[in-house]
There are 2 protein chains.
Amino acid sequence: MELTRAMESTVLHWGEMGSRWGVNRSIAQIHALLYLSTKPITADEITETLGIARSNVSTSLRELQSWNLVTLTHVMGDRRDHFEAKTDLWEVLLIIVDQRKKREIDPTVSTLRKCVLDAGGDGTPEDVKSRLNDMLQFGETLTTWYEQVSRLPTTTLVKLMHMGAKISRFVKG
Amino acid sequence: MELTRAMESTVLHWGEMGSRWGVNRSIAQIHALLYLSTKPITADEITETLGIARSNVSTSLRELQSWNLVTLTHVMGDRRDHFEAKTDLWEVLLIIVDQRKKREIDPTVSTLRKCVLDAGGDGTPEDVKSRLNDMLQFGETLTTWYEQVSRLPTTTLVKLMHMGAKISRFVKG
DNA sequence: CTGTGTTTTCTGTTTATACTGAAACTACAG
DNA sequence: CTGTAGTTTCAGTATAAACAGAAAACACAG
């Protein structure tokens with residue numbers, strides 16, 4: 001698979017972005033490549049195109065599949081696995097946020113909950129306790145909000161987005 | 001400075017969180033410690049409490065100041081710098097999102113813009129071009145929305161949040 | 001100008017993670 | 001069964017980032 005200049009920069013930049021957000025470069029690059037590719041491609045093609053080890057591609061694809069961002073498909077008359085990425089970017093965004101929430105935010109909130117409990121009997125000063133409480137409260141507000149909003153249909157979300165700041169009209173007071 | 005059990009877990013967990021989101025552990029730990037502390041503390045106190053090198057604390061504090069999350073203050077009769085963290089968590093969230101947008105999202109969108117231009121004349125196939133365009137479009141929609149909404153007063157944001165999914169009432173169609 | 005407390009800079013080391021390549025495994029065709 | 005194409009696992013290696021400690025720079029009192 002031959003990459004044009006534009007495709008190459010996109011893939012490289014996406015890899016760079018990934019690493020700044022705690023996603024490893026290979027995974028991000030592969031994801032970008034699959035997103036750009038308009039037909040399913042094999043692991044070997046990815047290996048060649050990106051110049052990374054076959055085993056690394058395998059592991060990364062596995063990870064991408066576990067995120068539901070990439071699916072395995074088959075092509076008639078070809079034994080090899082082919083891979084393709086979700087193309088609806090709204091769906092992609094929601095998947096990523098959902099997963100990171102589940103893997104990182106939710107555990108953080110429960111850790112905080114435990115800390116607030118512990119703080120009751122371990123001699124934590126009152127003012128620190130109130131800071132801890134604020135954090136927990138804040139986390140809970142955000143997650144509750146997200147859980148509701150993320151369940152709205154995409155079309156609604158798009159419309160809400162396009163309203164931008166106008167949405168504030170509907171707030172009382 | 002003595003940490004209670006609850007404080008210690010919070011600081012450690014925060015550090016862990018940081019590293020999963022591309023913020024180094026020391027910086028995140030120091031931030032947590034300053035957030036919990038109800039009075040400004042010195043770099044040396046941080047060094048002792050967290051058991052990391054003095055130089056590391058210095059660099060991290062500098063970084064935190066550049067993010068506007070921590071400010072330097074002075075205490076009467078003490079030559080040493082003291083540090084304290086922003087305590088309004090809404091403000092903290094907006095600062096973090098703002099900064100990461102500025103440092104990472106905005107450059108990504110302009111890279112995409114450049115790629116879309118390049119793709120015009122470098123032989124990129126039509127269908128790939130349209131994928132690139134979708135990405136750019138999506139990024140622009142999100143950033144435009146964020147720029148508007150983040151400028152609303154915190155009180156309005158809080159109210160919007162508490163409305164949760166009810167906000168969808170106001171969408172036409 | 002000198003001495004002391006404080007902060008920053010810099011270089012080498014450590015550590016964590018990504019990555020490779022070979023070997024093991026699997027599924028299937030013949 | 002056997003051979004082959006394909007995939008995964010695993011142990012070792014490389015790389016990049018975090019970190020420590022020493023040295024330098026700075027600020028100011030006396």
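First the proteins, then the strands, lettered A, B, ... as listed; each starts at 1.
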Enquirer: Between B:Arg54 and C:dT6, is there a side-chain N or O to OP1/OP2 distance below 4.0 Å?
Expert: no
Enquirer: Contact class for B:Asp81 vs. all strands (heavy atom < 4.0 Å): base, sugar-phosphate, or nothing?
Expert: sugar-phosphate
Enquirer: Round to a whole Å and report the spacing from CZ of B:Arg62 to C1' of D:dC26.
Expert: 13 Å
Enquirer: Does A:Asn24 place a side-chain N or O at less than 4.0 Å from the phosphate oxygens OP1/OP2 of C:dT17?
Expert: no
Enquirer: Tell me the interatomic distance from A:His74, atom NE2, to D:dA5, atom P, rounded to whole angstroms.
Expert: 17 Å
Enquirer: With side chain to side chain donor-acceptor pair (under 3.5 Å) as the criterion, how do B:Thr124 and B:Asp122 come out once you've worked through the C-alpha distance, each side chain's angles and the decisive distance to 0.1 Å?
Expert: CA-CA 6 Å; B:Thr124 302; B:Asp122 72 352; 2.5 Å; yes
Enquirer: Classify the ring geometry of A:Phe170 against B:Phe170: parallel below 30°, tilted from 30° to 60°, perpendicular beyond 60°.
Expert: parallel
Enquirer: Just the rounded figure in Å: distance from C1' of C:dT7 to CD1 of B:Ile30.
Expert: 14 Å
Enquirer: Closer than 4.0 angstrom, basic N to acidic O: yes or no for B:Asp106 and B:Lys101?
Expert: yes
Enquirer: Considering only NZ, NE, NH1 and NH2 on the basic side and carboxylate oxygens on the acidic side, decide whether A:Arg151 and A:Glu147 come within less than 4.0 Å.
Expert: no
Enquirer: Let me know the distance between CG of A:Leu50 and P of C:dA18, rounded to the nearest Å.
Expert: 17 Å
Enquirer: Using a heavy-atom cut-off of 4.0 Å across all strands, would you classify B:Ser26 as base, sugar-phosphate, or nothing?
Expert: sugar-phosphate
Enquirer: Taking the side chain of B:Arg80 as heavy atoms from C-beta outward, which of D:dT8, C:dT6, C:dT8 is closest to it?
Expert: C:dT6
Enquirer: Taking for each residue the nucleotide of DNA chain D with the nearest heavy atom, is it B:Ile52 or A:Arg79 whose nucleotide lies nearer the 5' end?
Expert: A:Arg79
Enquirer: Does one side chain, of B:Asp78 or B:His82, offer a donor that lies under 3.5 Å from an acceptor on the other?
Expert: yes
Enquirer: Evaluate the side-chain proximity of A:Val70 to A:Ile30: yes if any heavy-atom separation is below 4.5 Å, no if none is.
Expert: no
Enquirer: Among A:Leu36, A:Thr4, A:Leu3, A:Thr10, exactly one meets side chain to side chain contact (heavy atoms under 4.5 Å, CB included) together with B:Val128. Which residue is that?
Expert: A:Leu36
Enquirer: Quickly work out the A:Ile46 CD1 to C:dT20 P distance and round it to whole Å.
Expert: 14 Å
Enquirer: Write down the distance between CZ (B:Arg20) and C1' (C:dT17), rounded to a whole number of angstrom.
Expert: 13 Å
Enquirer: Give a yes/no answer on whether the side chain of B:Ser58 brings an N or O atom under 4.0 Å of OP1 or OP2 in C:dT7.
Expert: no
Enquirer: Taking only the side-chain heavy atoms of B:Asn56 (C-beta and beyond), determine which of D:dC19, C:dT20, D:dT7 contains the nearest atom.
Expert: D:dC19
Enquirer: Whole angstroms only, please: what is the CH2-C1' distance between B:Trp21 and D:dA17?
Expert: 20 Å
Enquirer: From C-beta outward on B:Arg25, which listed nucleotide comes closest to its side chain: C:dT8, D:dC19, C:dC28?
Expert: D:dC19
Enquirer: Let me know the distance between CD of B:Glu63 and C1' of C:dT7, rounded to the nearest Å.
Expert: 17 Å
Enquirer: Report, one pair per line, the protein and nucleotides 10-15 of chain D atoms (nitrogen or oxygen only) whose separation is under 3.5 Å.
Expert:
none

